[in-house]
Number of protein chains: 2
Amino acid sequence: MNTQPINKPTESELEILNILWTLGPATVKDVHEKLALTKDTGYTTTLKIMQNMLGKQLVTRDASSKIHVYTAAVNQEQAQGEMVQKIIQTMFNGSAMQLVMQALGNHKTSDSELAMIQEYLEKKKTKQ
Amino acid sequence: MNTQPINKPTESELEILNILWTLGPATVKDVHEKLALTKDTGYTTTLKIMQNMLGKQLVTRDASSKIHVYTAAVNQEQAQGEMVQKIIQTMFNGSAMQLVMQALGNHKTSDSELAMIQEYLEKKKTKQ
DNA sequence: TTTTAATTACGACAACTGTCGTACATTTGA
DNA sequence: TCAAATGTACGACAGTTGTCGTAATTAAAA
């Protein structure tokens with residue numbers, strides 16, 4: 001799997017990547033069905049975007065049968081990391097903490113989740 | 001200050017907004033100088049982007065003197081909130097926790113900052 | 001006053017995106 | 001076999017963005 005800096009996906013491409021990360025290898029039809037749940041868009045539009053993504057090497061595809069199967073070519077965690085990095089720089093003045101506060105502030109997060117974060121923080125403190 | 005859903009800024013517009021949030025009301029020159037520190041771009045480019053932003057009502061300006069003074073017209077916290085929301089939905093399957101983990105994982109965060117987050121979490125747990 | 005400098009306005013341009021209609025190819029089933 | 005259904009390919013288009021050259025305007029300085 002490619003670990004080069006990612007050829008920055010657009011908003012729409014990101015949505016599709018997210019679907020591919022969830023579904024694993026999938027056809028245009030699969031992706032479009034998922035996408036259509038939240039977005040009013042045509043089949044050929046989805047197809048075209050995925051073809052663009054192929055050009056950018058954001059996905060790979062198996063075209064051995066008529067029905068092409070697409071797979072995300074970028075690592076989910078890496079993409080998440082780069083995005084978070086970007087946001088922190090651009091919107092939170094380089095402070096991860098400010099981002100964390102925002103993320104937790106406007107969200108209902110369960111006690112168990114909060115506990116997990118606390119645990120994570122403990123480990124991190126001792127490690128550093 | 002406007003609290004309507006924000007007319008979504010582009011990447012470049014976001015950089016400029018961030019500068020305006022830091023500087024407060026500022027001229028194109030001020031903004032461009034800041035911007036030029038990290039980005040190789042022409043003065044008129046910055047100007048044009050800021051004029052676009054005026055059109056979108058992302059900024060306001062005082063044009064009473066020759067030297068126009070621009071002010072961010074969107075609330076920083078709201079913009080941050082909407083961005084974080086978007087990211088969580090699009091890239092983290094709706095889980096704020098996953099975002100938090102990412103943000104803390106790839107960053108050197110000081111112990112004191114970590115402690116602040118922990119404190120924040122404690123308060124949040126008891127409140128909820 | 002005249003020149004120079006600083007600023008803004010305007011227009012042009014290429015690249016990228018999302019959108020879709022339509023053509024083409026392939027498979028399926030009647 | 002042949003028509004229908006299912007997919008993909010291709011091309012066109014409009015809107016947005018970032019980029020910048022250059023013109024116009026205004027203020028400051030000589």
Side-chain angles (χ1 to χ4, degrees), chain A residues 5-20 23 25-71 74 79 83 86 89-91, chain B residues 5-20 23 25-71 74 79 83 86 90:
Chain A
I6 294 165
N7 196 343
K8 198 178 156 304
T10 66
E11 193 75 20
S12 300
E13 291 169 347
L14 219 39
E15 291 179 65
I16 290 177
L17 275 181
N18 201 49
I19 291 173
L20 287 178
L23 256 44
T27 65
V28 174
K29 189 182 176 190
D30 296 333
V31 171
H32 181 64
E33 275 171 5
K34 272 268 182 188
L35 208 54
L37 294 178
T38 58
K39 201 181 179 183
D40 184 23
T41 187
Y43 179 89
T44 51
T45 299
T46 303
L47 170 63
K48 183 69 165 224
I49 295 176
M50 291 177 73
Q51 287 170 345
N52 291 345
M53 292 171 77
L54 184 65
K56 288 189 187 180
Q57 290 174 290
L58 291 174
V59 296
T60 57
R61 79 176 169 194
D62 174 358
S64 58
S65 88
K66 180 193 168 189
I67 301 179
H68 300 180
V69 176
Y70 289 77
T71 307
V74 301
M83 175 61 80
K86 188 93 192 169
Q89 289 309 322
T90 309
M91 297 204 72
Chain B
I6 293 165
N7 195 343
K8 197 176 157 307
T10 66
E11 194 74 20
S12 301
E13 289 170 347
L14 218 41
E15 291 180 64
I16 289 177
L17 275 180
N18 201 49
I19 291 173
L20 287 177
L23 256 45
T27 65
V28 174
K29 189 182 175 191
D30 295 334
V31 171
H32 180 64
E33 275 171 7
K34 273 269 184 188
L35 208 54
L37 294 179
T38 57
K39 200 181 178 183
D40 185 23
T41 186
Y43 179 88
T44 50
T45 300
T46 303
L47 170 64
K48 184 67 165 228
I49 296 176
M50 290 177 74
Q51 286 170 345
N52 291 347
M53 292 171 78
L54 185 65
K56 287 189 186 179
Q57 292 174 290
L58 291 174
V59 297
T60 57
R61 79 174 169 195
D62 174 359
S64 58
S65 88
K66 181 194 168 187
I67 300 178
H68 301 180
V69 176
Y70 289 78
T71 307
V74 301
M83 175 61 79
K86 186 95 192 168
T90 310

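Chain A is the first sequence line, chain B the second, and so forth, proteins listed ahead of strands; every chain is numbered from 1.
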Got [X] and [Y] here, is their nearest side-chain heavy-atom distance under 4.5 Å?
X	Y	result
B:M50	B:H68	no
B:E11	A:T90	yes
A:V31	A:V28	no
A:I49	A:M53	yes

query = Which pairs count as side-chain hydrogen bond (donor to acceptor under 3.5 Å, both in side chains) when at least one residue sits in residues 25-38 of chain A, sequence neighbours excluded?
reply =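 Found A:T27-A:D30, A:H32-A:T46.
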Rounded off to whole Å, could you give me the [atom1]-to-[atom2] distance for the [X] and [N] pair?
X	N	atom1	atom2	result
B:M53	D:dT16	CE	P	16 Å
B:K29	C:dA5	NZ	P	14 Å
A:H32	D:dT8	NE2	C1'	14 Å
B:I67	C:dA9	CD1	C1'	16 Å
B:L47	C:dG11	CG	P	14 Å
A:L54	D:dC10	CG	P	12 Å
A:M50	C:dT17	CE	C1'	17 Å

For the [atom1] atom of [X] and the [atom2] atom of [Y], what is their distance to the nearest 0.5 Å?
X	Y	atom1	atom2	answer
B:I16	B:E13	CD1	CD	7.5 Å
A:R61	A:I67	CZ	CD1	13.5 Å
B:T71	B:L58	OG1	CG	13.0 Å

task = Work out which heavy atom in B:Y70 is nearest to a heavy atom in B:L47; give both atom names and the distance.
result =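 Reported closest heavy-atom pair: OH-CD1, 4.5 Å.
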key: Closest non-hydrogen atom pair between A:K39 and A:S12, with its separation   =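 Scanning both residues, the minimum pair turns out to be NZ-OG, 3.3 Å.
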key: A:K48 vs D:dC13: side-chain N/O to OP1/OP2 distance below 4.0 Å   =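 A:K48 to D:dC13 OP1/OP2: no side-chain N or O under 4.0 Å.
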inquiry  = Please confirm whether the shortest side-chain N or O distance from B:K8 to OP1 or OP2 of D:dT16 is below 4.0 Å.
reply    =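 False: B:K8 side-chain N/O out of range (4.0 Å or more) of D:dT16 OP1/OP2.
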Consider the side chain of [X], meaning its heavy atoms from C-beta on, and name the nucleotide among [options] that approaches it most closely.
X	options	answer
A:I49	C:dG18, D:dG7, D:dG18	C:dG18
A:Q51	C:dC20, D:dT17, D:dT8	D:dT8
A:R61	C:dT19, D:dT19, D:dA9	D:dA9

key: Degree of bending, the helix from C:dT1-D:dA30 to C:dA30-D:dT1 (end axes from five pairs; round to 10°)   =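 The angle, to the nearest 10 degrees, is 10°.
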key: Sequence-aligned protein contact record of nucleotides 22-29 of chain D, with B where the base is within under 4.0 Å of a protein heavy atom and S where only the sugar-phosphate is   = B---BS--
For A:S64, side-chain hydrogen bond (donor to acceptor under 3.5 Å, both in side chains) partners two or more places apart =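 Counting only residues at least two positions away or on another chain, A:S64 forms a side-chain hydrogen bond (donor to acceptor under 3.5 Å, both in side chains) with A:D62.
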Check against side-chain contact (heavy atoms from CB on, under 4.5 Å), A:V74 and A:K56 = CA-CA 11 Å; A:V74 301; A:K56 288 189 187 180; over 6 Å; no
request  = Could you identify which residues of residues 10-17 of chain B place a heavy atom less than 4.0 Å from some atom of DNA chain D, listed by residue number, or say none?
outcome  =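 The answer is B:T10, B:S12.
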task = Check DNA chain D against residues 34-42 of chain A and give the residues with a non-hydrogen atom under 4.0 Å, in numerical order.
result =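 Contacts with DNA chain D under 4.0 Å: none.
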ask   = In terms of the nearest nucleotide of DNA chain C, which residue is placed more toward the 5' end: A:Y43 or B:Y43?
value =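 Between the two, 5'-proximity favours B:Y43.
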task = Answer yes or no: are there more than 12 heavy-atom neighbours, outside B:K86 itself, under 6.0 Å from its atom NZ?
result =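 12 or below, so no.
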